[in-house]
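Just so you know, ligand 1 is whichever comes first in the structure, and atom 1 is the first atom listed for that ligand.
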Amino acid sequence: MTFEQAKAKVEKYGQQQVLKYADSLSEAELQALVDQIEATDMDIIENCKHMDELAKRGVISPLSAMELSEIEAHKESFTATGIEAIKAGKVGAVLLAGGMGTRLGSDNPKGMYNVGITRELYIFECLINNLLDVVKQADAWVHLFVMTSDKNNDATVKFMTEHDFFGYKAEYVHFFKQEMAAATDYNGKILLEEKNRLSSSPNGNGGWFISLQKAGLLDLVHSEGIEWINVFAVDNVCQRIADPCFVGATIQRNCVVGAKVVRKAAPDEKVGALCLEDGRPSIVEYYDMTQELMDAKNEKGEPAYNFGVILNYLFFVSDLEKMMSSLPLHIVEKKIPYLDEEGNLVKPEAPNGYKYESLVLDMIHQLDSCLPFEVVREREFAPIKNKTGIDSVESARELLKKNGVVL
Ligand code: UTP
């Protein structure tokens, strides 16, 4: 793209402010800006003008979960089926590590956070240790795909390589980068983070499958015969990954996606609840939970939307490939570093604009069948979102200790 074409593009979308410093840039700096303008999807930004439409939901009804008692009764059989699939190389895992972790407030990728107290124990290390348990149990390696973003890829790859993948077999670890999306102020105007750089952030965890494909790794998925992919978040240090019992239950129940869920601590807990939406599996986000939904009861007299997702899903690959429509857009308020009127970089203390994201949880609604699979919260749900308080380094350390991990 030439500068003239970039100018025409930003004028078309009313985003001329991004060229404010164009005259003061060197040729190379200007070209970098032009390239970024070319790569930026400006159509999606238009969506912030009609956010109400984006938030429209279908008719929500309950979807019952496979609860602990049922899992316990079939544990041996589920586990045997799962182990068989893992041994046959049919199960892969995708670690979602492209997020910015702004709430934790560390400059490094979240996985590099040291949760140890008397020794070093990094988040990445906890996750690898959990996966290694399965590798040992099944006596087979599981391909691990790690999604990063432009913002944290180099640091992540360097860290993991320097630590020898914490004992994981290097040939089974594959990195790929997700796409970026421009960030705007509340009026939908793209902010600048440098004089020749638009503020941008990773485009949400929903892009993982497309990014995996763009990186050429879907070919590896096919050539290795991987049929199931366990997608999981970087910040839950206790979760079981490629869990044979979960894999086996999803296969035996003929579902094309399995979702690990925990019994909600309270009806208004900030986790998305699995449900049906217009008769298809879906997730109702905590901020969409009406009082009516919170009060609804099932035939057993228990809360009807009682199981929250923990961002650990098992997808059947061939159904992901059949997914035709794009995922809905989420416009989220975030703290976005920007250049002020004088051209100085400001790192805001409070949200100052929007990021544009698609989310993995929306994939569920595009698939025909979903198995909500209950796990014990105290064993598997220790997300690290904040430094202290709820869902924090502190609470995760407590749970790690309870589960026998030496910190
Ligand atoms: P969160 O929604 O907690 O976002 O991500 P975050 O970016 O890590 O943290 P905050 O909101 O800035 O504090 C849930 C999971 O999805 C991944 C994260 O790395 C985490 O594993 N994620 C999120 C991505 O991989 N890409 C994204 O664009 C966003």
Side-chain angles (χ1 to χ4, degrees), residues 41 44 93-113 122-124 126-128 130-131 144-153 155-157 159-160 175-183 199-212 214-215 229-239 241 259-260 270-272 283 285-287 308-313 327 329-337 347-363 381-393 395-396:
D41 181 349
I44 59 165
V94 168
L95 164 55
L96 301 173
M100 301 276 281
T102 39
R103 283 169 286 173
L104 186 59
S106 159
D107 285 338
N108 284 329
K110 210 185 235 187
M112 287 173 62
Y113 200 90
Y122 301 98
I123 290 181
F124 280 137
C126 293
L127 298 171
I128 295 276
N130 296 349
L131 185 54
L144 173 64
F145 302 90
V146 183
M147 183 165 88
T148 62
S149 80
D150 272 350
K151 302 261 180 192
N152 67 14
N153 180 69
T156 303
V157 174
F159 181 78
M160 292 288 265
F175 296 93
F176 66 102
K177 277 200 251 178
Q178 68 174 106
E179 321 274 298
M180 303 294 283
S199 294
S200 67
S201 65
N203 66 346
N205 55 30
W208 72 269
F209 190 66
I210 291 172
S211 300
L212 185 85
K214 282 191 178 161
I229 295 183
N230 186 190
V231 175
F232 63 100
V234 70
D235 48 32
N236 181 6
V237 283
C238 285
Q239 67 192 314
I241 304 152
K260 284 198 168 185
K270 289 186 171 178
V271 289
I283 289 160
E285 273 288 20
Y286 68 88
Y287 43 77
V309 285
I310 63 167
L311 221 177
N312 187 312
Y313 303 104
L327 295 175
L329 189 69
H330 292 255
I331 301 181
V332 262
E333 274 190 67
K334 292 265 179 166
K335 296 179 219 169
I336 302 157
K347 286 190 174 174
E349 296 288 319
N352 60 323
Y354 296 131
K355 286 185 179 177
Y356 298 76
E357 300 185 334
S358 66
L359 301 181
V360 63
L361 59 85
D362 287 316
M363 286 177 148
F381 194 38
I384 298 179
K385 302 287 182 194
N386 310 297
K387 273 215 168 90
T388 54
I390 295 172
D391 294 345
S392 68
V393 178
S395 58

* Asked: What atoms of ligand 1 come closer than 4.0 angstrom to any heavy atom of Met147?
  -> 25 (O)

* Asked: What is the nearest protein non-hydrogen atom to atom 16 (O) of ligand 1, stated with its residue, atom name and distance?
  -> Asn205 ND2, 3.1 Å

* To do: Quick one: look up the protein heavy atom nearest atom 22 (N) of ligand 1 and list residue, atom name and how far away it is.
  => Gly99 N, 3.5 Å

* To do: List the closest protein heavy-atom neighbour of atom 26 (N) of ligand 1: residue, atom name, distance to the nearest 0.1 Å.
  => Gln178 OE1, 2.6 Å

* Taking Phe381 as the fixed residue, which of Ile310, Leu311, Asn312 is the one that meets the side chain to side chain contact (heavy atoms under 4.5 Å, CB included) rule? -> Ile310

* Tell me which protein heavy atom sits closest to atom 7 (O) of ligand 1, plus the residue, atom name and distance to 0.1 Å. => Met100 N, 2.8 Å

* Given Tyr113, which of Val234, Asn108, Val393 fulfils the side chain to side chain contact (heavy atoms under 4.5 Å, CB included) condition? -> Val393

* Quick one: look up the protein heavy atom nearest atom 2 (O) of ligand 1 and list residue, atom name and how far away it is. => Arg103 NH2, 4.1 Å

* Note the single closest protein heavy atom to atom 25 (O) of ligand 1, along with its residue, its atom name and the distance in Å. => Gly98 N, 2.9 Å

* Proximity of Val360 to ligand 1 by residue part, where a heavy atom lies under 4.0 Å -> neither

* **Atom of Arg103, atom of Lys385 and distance for their closest heavy-atom approach** => CB-O, 3.2 Å

* Structure fact -> Check: of Gly206, Ser201, Ser211, Gly101, min heavy-atom distance to atom 8 (O) of ligand 1 comes from Gly101

* To do: Check side chain to side chain contact (heavy atoms under 4.5 Å, CB included) between Ile390 and all other residues, then give those that pass, not counting sequence neighbours.
  => none

* **Lys270 NZ: over 12 foreign heavy atoms closer than 6.0 Å** => no

* Going by the angle between their ring planes, with limits at 30° and 60°, are Phe159 and Tyr122 parallel, tilted or perpendicular? -> perpendicular

* From CA spacing to verdict: side chain to side chain contact (heavy atoms under 4.5 Å, CB included), Asn203, Ile44 -> CA-CA 11 Å; Asn203 66 346; Ile44 59 165; over 6 Å; no

* Please report which non-hydrogen protein atom sits nearest to atom 28 (O) of ligand 1, along with the residue it belongs to and the distance in Å to one decimal place. => Gly204 N, 2.8 Å

* Asked: Should the proximity of Ala97 to ligand 1, defined as any heavy atom under 4.0 Å, be assigned to the side chain, the backbone, both, or neither?
  -> backbone

* Taking side chain to side chain contact (heavy atoms under 4.5 Å, CB included) as the test, write out the residues that go with Lys335, two or more places apart. => Pro348, Pro351

* Asked: Considering only heavy atoms, which of Glu179, Lys385, Lys334, Lys355 lies nearest to atom 11 (O) of ligand 1?
  -> Lys334

* Look at ligand 1 and say whether Glu357 reaches it with a heavy atom at a distance under 4.0 Å. => no

* Structure fact -> of all protein heavy atoms, closest to atom 14 (C) of ligand 1 is Leu311 CD1, 3.7 Å

* Side chains of Asn386 and Asp391: do they bring a donor and an acceptor to under 3.5 Å? -> no

* Report yes if Leu96 has an N/O atom closer than 3.5 Å to an N/O atom of ligand 1; otherwise report no. => yes

* Just how far is it from atom CD of Glu179 to atom OG of Ser211, taken to the nearest 0.5 Å? -> 4.5 Å

